[in-house]
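I have placed the structure first, in the form of structure tokens, so that the comments after it can refer back to it.
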Amino acid sequence: MENGELLDKVALVTGAGRGIGKAVALELARAGADLFLVARTQSQLEAVAEEIRALGRRAEIAVADVALADEVAKAVDQALHIFEHVDILVNNAGITRDTLIMRMKDEDWDSVINTNLRSAFLFARACAKGMMRRRFGRIINISSVVGLMGNAGQCNYAASKAGIIGLTKSLARELASRGITANAVAPGFITTDMTDKLADNSALKDKIPIGAPGSVQDVANAVRFLASVRSGYITGQVLNVDGGMAM
Ligand code: NAD
């Protein structure tokens with residue numbers, strides 16, 4: 001795909017301060033989009049915004065907790081005030097609070113569901129109106145292979161990531177006639193801050209047919225593909241970026 005294919009498009013990426021979200025934001029900027037970056041840590045957001053401006057694209061930031069409805073509404077209002085439209089929404093912000101079910105506290109469940117799943121609903125609802133008016137939109141939700149396969153010690157996380165898939169397919173059906181697609185990307189084992197400490201786990205690598213963890217760039221490439229104007233006939237899909245792990 002050539003650079004410049006997303007010129008005139010505005011992308012809102014959550015969890016854009018580091019890891020997969022940062023790689024996605026930079027890749028969409030390389031494709032020509034302007035970026036509105038949302039996460040919790042201002043200094044990280046500012047650093048990513050600087051990198052995007054160095055690529056010649058506009059970048060603005062909002063510090064927000066994506067689990068909170070009023071903060072999401074404020075962030076989207078801010079994005080619309082600055083850019084007038086949001087064409088591409090990437091719901092990427094996510095957390096884990098891993099423990100076995102017998103030890104899982106209500107708070108472990110609620111914080112993971114609210115941060116990973118409720119946030120995607122809140123942002124999709126807030127952005128869909130403008131996308132419908134402009135008859136163009138790309139909603140890309142970051143799920144996980146764990147949402148397809150389950151994982152011991154991750155009941156809360158797996159439920160949130162499976163929920164993302166149901167949300168994505170329902171959005172796809174509701175919004176298809178308005179030129180809006182909704183797809184999920186399901187990363188497998190990707191080396192980031194979240195997983196760095198596991199990177200040398202050879203037992204885990206044995207489960208991956210390609211034999212190695214993926215990179216944040218692998219995920220960003222998939223998001224860029226789904227964000228493209230030319231991916232308009234692909235909706236309601238889950239694209240695994242997992243080296244063959246969950247096939
Ligand atoms: P990360 O921890 O490196 O980054 C997460 C980002 O989300 C950070 O910028 C953080 O500030 C932001 N965030 C978290 N909670 C937030 C909140 N309440 N409000 C606002 N921002 C918040 O994680 P990552 O590895 O880059 O993962 C990104 C996404 O990819 C997550 O949804 C994760 O579940 C998913 N994923 C990651 C992997 C992997 O192997 N790393 C695999 C499958 C899925």
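By convention here, the first residue in the shown sequence is residue 1. Whatever order the structure lists them in is the order used to number ligands and atoms, beginning at 1.
Evaluated by nearest non-hydrogen atom to atom 30 (O) of ligand 1, the leading choice among Val48, Val216, Ile142, Val145 is Ile142. Counting only non-hydrogen atoms, the option in Gly19, Gly94, Ala62 that gets closest to atom 5 (C) of ligand 1 is Gly94. Nearest to atom 37 (C) of ligand 1 by heavy atom, out of Val13, Thr14, Ile20, Ile190, is Ile20. With distances taken over non-hydrogen atoms, the option nearest atom 14 (C) of ligand 1 out of Gln44, Arg40, Glu71 is Arg40.
Residues Ile140 and Leu89 have side chains not in contact (no heavy-atom distance under 4.5 Å, counting atoms from C-beta outward). For the pair Val38/Val13, no side-chain contact is recorded, criterion being any heavy-atom separation below 4.5 Å from C-beta on. Contact annotation: the side chain of Val185 approaches that of Leu226 to within less than 4.5 Å [non-hydrogen atoms, C-beta and beyond].
Counting heavy atoms under 4.0 Å from ligand 1, residue Thr192 touches it through the side chain alone. Only the backbone of Ala64 comes within contact range of ligand 1, with a heavy atom under 4.0 Å; no side-chain atom does.
In the vicinity of Ser143, heavy-atom distances shorter than 4.0 Å reach the ligand 1 atoms 44 (C). Interface atoms of ligand 1 facing Ala93, defined by a heavy-atom separation under 4.0 Å, are 7 (O), 13 (N), 21 (N), 22 (C), 32 (O). Close approach to Ser144 involves these atoms of ligand 1, each under 4.0 Å from a residue heavy atom: 43 (C), 44 (C). Annotation for ligand 1: atoms under 4.0 Å from non-hydrogen atoms of Gly188 are 40 (O), 42 (C), 43 (C). Every atom of ligand 1 with a heavy atom of Tyr157 under 4.0 Å away is listed here by number and element: 33 (C), 34 (O), 35 (C), 36 (N), 43 (C), 44 (C). Less than 4.0 angstrom separates some heavy atom of Ile95 from each of these atoms of ligand 1: 14 (C), 15 (N). Interface of Asp65 with ligand 1, defined as ligand atoms under 4.0 Å from a residue heavy atom, comprises 17 (C), 18 (N), 19 (N).
What you find for Ala75 and Ala64 is that their closest heavy atoms are CB-CB, 4.5 Å. When all heavy atoms are compared, the tightest approach of Ala39 to Gly17 is CB-N, 4.0 Å.
Listed by first and then second residue, the side-chain hydrogen bond (donor to acceptor under 3.5 Å, both in side chains) pairs involving residues 98-110 are Asp98-Gln154 (not counting sequence neighbours).
For the pair Asn92 and ligand 1, a heavy-atom separation below 4.0 Å is found. Residue contact annotation: Lys161 has a non-hydrogen atom under 4.0 Å from ligand 1. Distances from ligand 1 to the non-hydrogen atoms of Ser119 include no value under 4.0 Å.
For the residue pair Asn92 / Thr14, no side-chain donor-acceptor distance below 3.5 Å is found, with atom types taken as modelled.
Residues passing the side chain to side chain contact (heavy atoms under 4.5 Å, CB included) test with Phe121, sequence neighbours excluded: Arg125.
Note on Phe36 and Val63: separate hydrophobic clusters, where clusters join Ile, Leu, Val, Met, Phe, Trp and Tyr whose side-chain heavy atoms are under 4.5 Å apart, directly or indirectly.
The backbone N or O of Ser160 sits nowhere less than 3.5 Å from a side-chain atom of Asn116 that would complete a donor-acceptor pair.
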